[in-house]
Amino acid sequence: VQLQASGGGLVQAGDSLRLSCAASGLTFSNYAMGWFRQAPGKEREFVATIGWNGRVTYYADSVKGRFTISRDNANNAVYLQMNSLQPEDTAVYYCAAAKVTHSSEIAYDYWGRGTQVTVSS
C-alpha cells in the first residue's frame with residue numbers, strides 16, 4: 001500500500017493550498033481517509049476525515065470552516081482544500097487510510113509520507 005501526499009509549499013497567511021493524496025495497493029473505496037498534521041515540537045494531530053463514499057466528513061475544530069476534505073474514488077485520491085491559512089497551520093501533513101472514519105490515528109492502518117506546509121505571517 002502506498003499513500004503519496006503532495007501539494008504542500010510555502011504560502012502567506014490568508015492564502016490557500018490544495019493537498020492531494022494518491023493511493024495505490026488497496027481497494028480505495030473500502031477505506032475512510034484522513035488527514036493529520038504534525039507541527040515542529042508537537043504531537044501529530046487530527047485534521048479531517050472522510051467516509052468511503054464521501055458523504056461523511058469530520059473536522060478538527062481548529063480547521064472547521066476553512067478546510068474541506070474530499071475524495072475521488074475513480075482516481076484513488078483524497079484532497080484537502082485549505083483556505084485562509086494561518087501560521088499555526090504550519091506542519092507536515094499526512095494522509096492515512098482506515099476502515100472507518102475516525103479522529104484517532106490509532107484507527108488508521110496505512111500512512112503516507114507527509115508534505116510540508118509552511119505559512120508565513
(message) Tell me which pairs pass side chain to side chain donor-acceptor pair (under 3.5 Å) where either residue lies in residues 107-116, with sequence neighbours left out.
(response) T49-Y108, Q116-T118
(message) Under a 3.5 Å distance rule, please check whether R71 uses its side chain to pair with a backbone N or O of G51 as donor and acceptor.
(response) yes
(message) According to side chain to side chain donor-acceptor pair (under 3.5 Å), does anything in residues 21-33 pair up with another residue at least two apart or in another chain? List the pairs.
(response) none
(request) With rounding to the nearest 0.5 Å, note down the distance linking CZ in R66 to CD in Q81. (result) 12.0 Å
(message) Show the nearest heavy-atom pair for residues L80 and A48, with the distance to one decimal.
(response) CD1-CB, 4.3 Å
(message) Does anything in residues 23-38 form a salt bridge (Lys or Arg N to Asp or Glu O under 4.0 Å)? List the pairs, not counting sequence neighbours.
(response) R37-E45, R37-D89
(message) Minimum heavy-atom separation for P87 and S120, please, with both atom names.
(response) CG-C, 4.4 Å
(message) Any heavy-atom pair between the side chains of Y59 and V47 that's under 4.5 Å?
(response) no
(request) To the nearest 0.5 Å, tell me how far N73 CG sits from M33 CE. (result) 10.0 Å
Just distance, no hydrogens or angles: give the donor-acceptor pairs under 3.5 Å from side chains in residues 10-17, sequence neighbours left out.
| residue | atom | partner | partner atom | Å |
| --- | --- | --- | --- | --- |
| D15 | OD2 | Q12 | N | 3.1 |
| S16 | OG | N83 | OD1 | 2.9 |

(request) Could you list all the ring pair (Phe, Tyr, Trp, His ring centres under 6.0 Å) pairs where at least one residue sits in residues 77-100, not counting sequence neighbours? (result) none
(message) Donor-acceptor pair, distance only, cut-off 3.5 Å: does the side chain of N75 make one with the backbone of A77?
(response) no
(request) Check for a donor-acceptor pair, side chain of T101 on one end and backbone N or O of I50 on the other, with a separation under 3.5 Å. (result) no
(message) Testing the basics here: between G25 and V1, what is the closest heavy-atom pair and its distance to 0.1 Å?
(response) O-CG2, 3.4 Å
(request) Indicate the atoms forming the closest heavy-atom contact of L3 with C21, along with that distance. (result) CB-SG, 4.0 Å
(request) Spell out, yes or no, whether V100 and F28 are grouped together once hydrophobic residues are joined by side-chain heavy atoms under 4.5 Å, including indirect joins. (result) no
(request) Might you confirm whether atom CD of Q2 has over 12 heavy atoms from other residues, nucleotides or ligands at distances under 6.0 Å? (result) no
(request) May I ask you to decide if S84's main-chain N or O and Q86's side chain share a donor-acceptor pair within less than 3.5 Å? (result) yes
(message) Hydrophobic cluster membership, with links at side-chain heavy-atom distances under 4.5 Å among I/L/V/M/F/W/Y: are W35 and L26 in one?
(response) yes
(message) Can you pull out every ring pair (Phe, Tyr, Trp, His ring centres under 6.0 Å) where at least one residue sits in residues 37-58? Sequence neighbours excluded, please.
(response) F36-F46
